[in-house]
Amino acid sequence: MLWWIMAQTLRCPSIGAAFLSLGLGLVVACRPAPQPAAPKSPEAPPKPAALPMPAPPINRASLLSEVTRAMSAAATGEDDTAAQRELSGKRFELRIRFGCAGPESRITGSALGWTFDSARRVLRVRAVPTISAQEPAIASMMPEHVEAVQGFWIPRPWILGAACPAAETLSEAPADTKNPAETPPVVSAARVGIAQFFTEQDARTRRRDGRAYEATKTLPANSEPRASGFDLVLSGRLRAISNRVIHCAGATPDRPPDCVVSADIDRVRVETPGTSEILADWRSG
C-alpha cells in the first residue's frame, strides 16, 4: 500500500498528498486514546504543632533543695548570684503541714493551729504570718528599698514533703560525761521561711500587717476533722530582690544561716491533706 501511494505521489502530487494525509490520519486514529490521570488521593491535613506544656510549679522538696544550695553558698562565701537570678519568676507551690498534735483548746493558742467544737460541729483554722521586718534576722536581710516583709517560717524544713513527723519530740544524744571533748556539739537547726518583700512601688492593699488568715466551717454530723492536721498552701511566683531570690544571714562556723525565700504570694489556701478539699481560700493580685 505504501509503495502505491508513493508512486501516485510521483505521478500526481495533489492525489499523493491526499493519500498521505489519509494514511497519517489512520495511523493517528489507530493510536490508543490517552487515559485520564488517576485522581489524587486527598492529602491529610498537616498536624498542628504541639504547644509546649508549661513547667509545673516548684514544689516543697525542690524549693528546700534550692534553699540548701543557697545556705551552703552563704556559709562558704560563694557567689551564687547567677543561680539566684534563674529562679526569679518561676511559679511555686509550697505546702506547710500544721496542727499535727490535734485541735487546740483555743484558736489563738499558736500561729498555725485549729480548734473543733464537737457540740456545735464548728471547725476553725488560723494561720498568722510569723515573719516581719521587726525581727532582727529579717532586718539584716532587707535591702534598703524594702518597706515591709510578711510571710511564714516553715515548721520542720528538714522534712521534704508536707507531712507530720513520726514523733513530736526526739531525744537528744546523751553527753559523754567521762570525756566531754568527745561530746558532739549541739547545732541548732537553721530557720527557713518564705515571705513577700514589699517595696514602695508595691500596692499597700496587699499587705496584711500581721492580720491572720482565719476561716470557720460547720461540719456535718457524720464528718470529723482528720488527726493529721491541715495543709497551708502558698502559691505564686519567686521574685528576686536585689538580684537574689533566697536571702541568708547569720552564718557562723558552727551554725547554718537562716534563709528566707522572696516570693510574690498571690494565693493562700487551707486544704485537708490527701483529699485536696479546700477549707478556705484567699487570693490577691
Side-chain angles (χ1 to χ4, degrees), residues 52-74 80-98 111-112 125 127-132 138 141-143 146 148-163 190-199 201-203 206-208 213 229-249 256-285:
M53 297 297 292
I58 298 175
N59 59 18
R60 176 186 173 111
S62 298
L63 189 59
L64 290 176
S65 178
E66 295 293 344
V67 172
T68 301
R69 293 190 183 95
M71 194 178 296
S72 174
D80 64 339
T81 304
Q84 293 281 333
R85 191 180 295 114
E86 292 181 0
L87 291 174
S88 186
K90 292 186 176 181
R91 293 207 63 85
F92 75 93
E93 183 176 274
L94 173 66
R95 291 179 175 269
I96 299 174
R97 182 66 53 86
F98 70 95
L112 297 172
V125 293
V128 182
T130 53
I131 293 179
S132 70
I138 300 300
M141 301 178 190
M142 289 175 53
V146 172
V149 182
Q150 65 183 30
F152 293 89
W153 291 111
I154 302 173
R156 298 176 290 273
W158 52 88
I159 299 179
L160 297 181
R191 295 186 301 170
V192 177
I194 185 167
Q196 291 180 270
F197 290 76
F198 292 100
T199 66
Q201 286 78 27
D202 297 320
R206 299 190 63 187
R207 304 183 189 182
R208 297 189 64 86
Y213 296 91
F230 298 93
D231 282 348
L232 178 68
V233 187
L234 312 176
S235 57
R237 291 187 182 275
L238 303 178
R239 179 188 181 189
I241 296 292
S242 297
N243 295 323
R244 300 189 63 80
V245 169
I246 304 172
H247 298 259
C248 299
D258 295 331
C259 295
V260 174
V261 179
S262 170
D264 184 5
I265 303 172
D266 55 27
R267 186 181 183 189
V268 177
R269 64 187 189 272
V270 176
E271 291 186 358
T272 301
T275 65
S276 296
E277 175 192 3
I278 298 178
L279 299 177
D281 198 348
W282 298 268
R283 298 173 185 260
S284 62

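As a basis for the values below, the full set of heavy atoms in this structure was taken, side chains included, without hydrogen atoms, waters or symmetry mates.
- With sequence neighbours left out, the side-chain contact (heavy atoms from CB on, under 4.5 Å) criterion links E86 to no other residue.
- At least one side-chain heavy atom of F198 sits under 4.5 Å from a side-chain heavy atom of R206.
- From L279, atom CG reaches atom CG of L232 across 11.5 Å, with rounding to the nearest 0.5 Å.
- Cation-pi check for R208 over Y213 is met; the charged atom lies under 6.0 angstrom from the ring centroid and within 45 degrees of its normal.
- With sequence neighbours left out, the salt bridge (charged side-chain N to carboxylate O under 4.0 Å, His left out) criterion links R244 to D80.
- With sequence neighbours excluded, no residue forms a ring-ring contact (aromatic ring centres under 6.0 Å, His included) with W158.
- What you find for Q84 and A70 is that their closest heavy atoms are NE2-CB, 3.5 Å.
- Between I246 and V260 there is no side-chain heavy-atom pair separated by less than 4.5 Å.
- Once rounded to the nearest 0.5 Å, the distance linking CD1 of I159 with CZ of R156 reads 5.5 Å.
- Across Q196 and A263, no two heavy atoms sit closer than the pair CG-O, 3.0 Å.
- Applying the side-chain contact (heavy atoms from CB on, under 4.5 Å) test to A163 and every residue at least two apart in sequence or in another chain returns nothing.
- Shown here are the ring-ring contact (aromatic ring centres under 6.0 Å, His included) partners of F230, two or more places apart in sequence or in another chain: W114.
- When every heavy atom of W153 is checked against every heavy atom of P155, the shortest pair comes out as O-CD, 3.3 Å.
- Between D266 and R283 there is no salt bridge, since no side-chain N of the basic residue sits under 4.0 Å from a carboxylate O of the acidic one.
- Residues passing the salt bridge (charged side-chain N to carboxylate O under 4.0 Å, His left out) test with R97 are D231, sequence neighbours excluded.
- If you take CD1 on I278 and OG1 on T272, they are separated by 10.0 Å, rounding to the nearest 0.5 Å.
- Distance check: I131 CD1 to F197 CZ gives 7.5 Å after rounding to the nearest 0.5 Å.
- Looking only at side-chain heavy atoms (C-beta outward), F152 and V128 stay at 4.5 Å or farther from each other.
- Every residue two or more places apart in sequence or in another chain that forms a side chain to side chain donor-acceptor pair (under 3.5 Å) with R239 is listed here: D202.
- Considering every non-hydrogen atom in both V67 and C259, the closest pair reads CG1-CB, 3.9 Å.
- Under the side chain to side chain donor-acceptor pair (under 3.5 Å) criterion, S72 pairs with no residue, sequence neighbours left out.
- Contact of the V245 side chain with the S88 side chain is registered, since non-hydrogen atoms from C-beta on lie closer than 4.5 Å.
- Looking at residues two or more places apart in sequence or on another chain, you find a side-chain contact (heavy atoms from CB on, under 4.5 Å) between A249 and S140, M141.
- Residues satisfying the side chain to side chain donor-acceptor pair (under 3.5 Å) criterion with R85, sequence neighbours excluded, are absent altogether.
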For a salt bridge (charged side-chain N to carboxylate O under 4.0 Å, His left out) check, start with the C-alpha distance between R269 and E93, then their side-chain angles and the critical distance, and finish with the verdict. CA-CA 11 Å; R269 64 187 189 272; E93 183 176 274; 3.0 Å; yes
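- Here the shortest heavy-atom pairing between S262 and I241 reads OG-CG1, 3.4 Å.
- The salt bridge (charged side-chain N to carboxylate O under 4.0 Å, His left out) search around E66 returns R69, not counting sequence neighbours.
- The pair E271-R95 meets the salt-bridge criterion, since a charged nitrogen lies less than 4.0 angstrom from a carboxylate oxygen.
- A search for side chain to side chain donor-acceptor pair (under 3.5 Å) contacts involving R91 returns nothing, not counting sequence neighbours.
- F92 and R237 get closest at one heavy-atom pair: CE2-N, 3.5 Å.
- Taking OG from S235 and CD1 from I58, the interatomic distance works out to 13.0 Å, rounded to the nearest 0.5 Å.
- Rounding to the nearest 0.5 Å gives a distance of 8.5 Å between CG of D258 and SG of C248.
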